[in-house]
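Shown next, in structure tokens, is the structure this report addresses.
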Amino acid sequence: SPFWGPRIRHLVVNYVPFIMDMIENDKSEWKIFARYRAVAERRAGKDAPNPCVHNWAEATVLNTFESMCWALTIDPQGDPGMSAAQQQIRAGVERWIPVILGAQEPDGYLCTDVQMRGFPRFISPLVSSVRQGEEKLPEYAEDHHEGYMMGYLIECAIAHYRATGGKDLRMYRAAKKGADLFVNTLGDPPKLAWQPDHPELEQALERFSLLVDEVEGGGAGDSYRQFAKWLLDNRGITPPHNDAYRQKNKPLAQQNEPYGHAVMLGYLYSGAADVARFTGDPVLSAAADRMWERLVNGKMYLTGAMGSQHEEFRKSYDLPTD
């Protein structure tokens with residue numbers, strides 16, 4: 001279309017290759033691609049230093065890989081610039097897959113910050129008194145964004161499956177192994193009661209369940225759908241449940257307006273809407289409808305942006321221009 005065509009072309013021809021170069025060659029301060037390589041080296045028994053200390057930064061690798069895959073699904077329609085960029089991106093995908101999967105543990109776990117710093121997995125509840133060498137663990141282990149990162153790995157797998165027409169299952173199998181680890185480890189007793197600080201896993205699991213149904217037959221994705229619902233049903237119930245900034249202070253059924261961290265809320269309710277749609281859950285459906293109405297009509301800019309103070313919501317109609 002005359003509206004989207006030039007924008008999509010710019011993304012494929014200019015922006016995605018630019019970000020690929022920034023990340024793959026560690027031109028930003030985060031050095032996150034180097035951390036993936038360092039984790040793989042440690043897994044191979046080598047002594048590799050930690051080149052990146054940001055717990056959330058590996059999302060830049062996974063988000064970029066996902067974008068690379070979606071860029072390959074665009075029909076270039078004979079545009080030589082688009083075709084050349086897609087060839088470059090396709091080669092990048094082939095270089096990146098071994099780096100990403102080289103950091104994944106045999107049981108499917110992938111969160112390079114936890115792996116690199118030797119932190120325990122899925123600690124719940126408080127662990128503020130625990131130390132690892134000279135580094136003090138954050139108040140909650142979920143602050144490592146374990147669920148957030150696994151959600152992004154799943155999103156990468158979905159995009160890669162579409163980009164390859166289902167002919168390459170490397171990312172699909174990696175995501176399935178990781179998702180199975182979460183499903184089999186976390187949940188009601190005797191499993192570990194846990195909830196991620198930063199949502200995204202909920203949305204990714206619902207999308208993944210549909211893909212697994214498609215690939216392996218109806219019902220094959222049910223466990224991921226059920227686990228996503230469990231995460232949403234237990235948010236604000238499973239300790240710690242006093243964190244309003246992360247929408248963890250009360251169940252979704254009792255949340256009446258957008259509050260706290262805007263990015264987290266966006267992911268949380270996107271996941272709730274997806275799960276409500278495919279399970280028919282009236283509580284999640286009502287929560288998503290309620291949040292949509294009060295967000296769009298009272299706490300969203302004309303541009304679609306939300307979160308008027310840094311990344312946090314303020315009161316309705318308070319939308320400063322800075």
Side-chain angles (χ1 to χ4, degrees), residues 1-38 51-52 54 56-103 110 112 145 148-149 151-168 170-172 174-175 198 200 203-204 207 211 262-263 266-267 270 300-307 310-311 321-322:
S1 75
F3 183 81
W4 284 116
R7 179 60 180 159
I8 290 174
R9 186 184 192 281
H10 173 73
L11 291 172
V12 175
V13 173
N14 300 308
Y15 191 70
V16 171
F18 171 77
I19 298 299
M20 282 174 55
D21 177 56
M22 287 287 293
I23 291 177
E24 186 173 6
N25 296 302
D26 288 311
K27 293 182 177 180
S28 77
E29 63 176 292
W30 297 336
K31 312 298 182 190
I32 188 58
F33 211 73
R35 188 164 80 188
Y36 273 87
R37 291 191 174 109
C52 175
H54 296 287
W56 46 263
E58 69 190 81
T60 60
V61 172
L62 300 177
N63 293 160
T64 302
F65 182 88
E66 181 188 359
S67 299
M68 291 157 63
C69 292
W70 288 125
L72 296 178
T73 68
I74 305 298
D75 182 357
Q77 299 181 343
D79 183 329
M82 285 275 285
S83 296
Q86 288 179 322
Q87 185 175 356
Q88 177 187 354
I89 292 168
R90 190 172 289 107
V93 167
E94 290 304 309
R95 292 194 305 273
W96 285 39
I97 289 177
V99 175
I100 294 171
L101 300 189
L110 180 63
T112 61
H145 293 59
Y148 184 66
M149 298 308 172
Y152 279 145
L153 179 65
I154 291 170
E155 304 272 18
C156 284
I158 295 170
H160 183 254
Y161 183 90
R162 297 301 177 204
T164 63
K167 296 177 182 178
D168 185 342
R170 285 177 292 173
M171 294 299 293
Y172 174 85
H198 203 309
E200 208 288 333
Q203 167 185 283
R207 294 177 179 177
L211 179 59
V263 181
Y267 275 124
S270 178
M300 180 180 282
Y301 289 87
L302 287 172
T303 60
M306 60 186 190
H310 305 295
E311 294 184 339
T321 56
D322 59 355

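For this chain, numbers begin at 1 and follow the sequence in order.
Ion pairing between a basic and an acidic side chain is recognised when a charged N comes within 4.0 Å of a carboxylate O; Arg162 and Glu66 show no such pairing.
Across every non-hydrogen atom of Cys69 and Val93, the tightest pair is SG-CG2, 4.4 Å. What you find for Cys52 and Ala57 is that their closest heavy atoms are SG-CB, 4.0 Å. In plain terms, the two heavy atoms of Leu153 and Met171 that are nearest each other are CD1-CE, 3.9 Å. Closest non-hydrogen pair, Leu101 versus Ala174, comes out as CD2-CB, 3.4 Å. In terms of heavy atoms, Ile100 sits closest to Tyr36 at CA-CD2, 3.9 Å.
Under the side chain to side chain contact (heavy atoms under 4.5 Å, CB included) test applied with Met68, the options Gln86, Gln88, Met20 reduce to a single match, Met20. When each of Asp26, Ile19, Asp21, Asn25 is tested with Ile23 by the rule side chain to side chain contact (heavy atoms under 4.5 Å, CB included), just one qualifies, namely Ile19.
Here Lys31 contributes atom NZ and Glu29 contributes atom CD; the two are 9.0 Å apart, rounded to the nearest 0.5 Å. Taking CD1 of Ile89 as the start and OG of Ser67 as the end, the distance is 9.5 Å to the nearest 0.5 Å. To the nearest 0.5 Å, the span separating CD1 on Ile74 from OG on Ser83 amounts to 12.5 Å. Between Tyr15 atom OH and Thr64 atom OG1 the span is 8.0 Å, to the nearest 0.5 Å. For the atom pair CD of Gln203 and CZ of Arg207, the computed distance is 3.5 Å after rounding to the nearest 0.5 Å. One finds the CD atom of Glu58 at 10.5 Å from the CG atom of Asn63 (value rounded to the nearest 0.5 Å).
The aromatic rings of His198 and Tyr148 lie tilted to each other, with the angle between the two planes from 30° to 60°. Relative ring orientation between Tyr172 and Tyr161 is described as tilted, the plane-to-plane angle lying within the 30° to 60° band. Ring geometry, Trp96 versus Phe33: the interplanar angle falls from 30° to 60°, so the pair is classed tilted.
Put simply, the side chain of Glu155 does not reach to within 4.5 Å of the side chain of Leu62, judged on heavy atoms.
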Please step through side chain to side chain contact (heavy atoms under 4.5 Å, CB included) for the pair Thr73 and Trp70, ending with a clear verdict. CA-CA 5 Å; Thr73 68; Trp70 288 125; 3.9 Å; yes
Run the numbers on Met149 and Leu110 for side chain to side chain contact (heavy atoms under 4.5 Å, CB included), then give the verdict. CA-CA 8 Å; Met149 298 308 172; Leu110 180 63; over 6 Å; no
Please report the C-alpha distance between His54 and Ile32 in whole Å, then the side-chain angles of each, then the deciding distance to 0.1 Å, and finally whether the side chain to side chain contact (heavy atoms under 4.5 Å, CB included) criterion is met. CA-CA 9 Å; His54 296 287; Ile32 188 58; over 6 Å; no
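The closest side-chain donor-acceptor pair between Arg35 and Thr112 falls under 3.5 angstrom.
Annotation: Tyr301, atom OH; neighbour count of heavy atoms from other residues, nucleotides and ligands within 6.0 Å is above 12.
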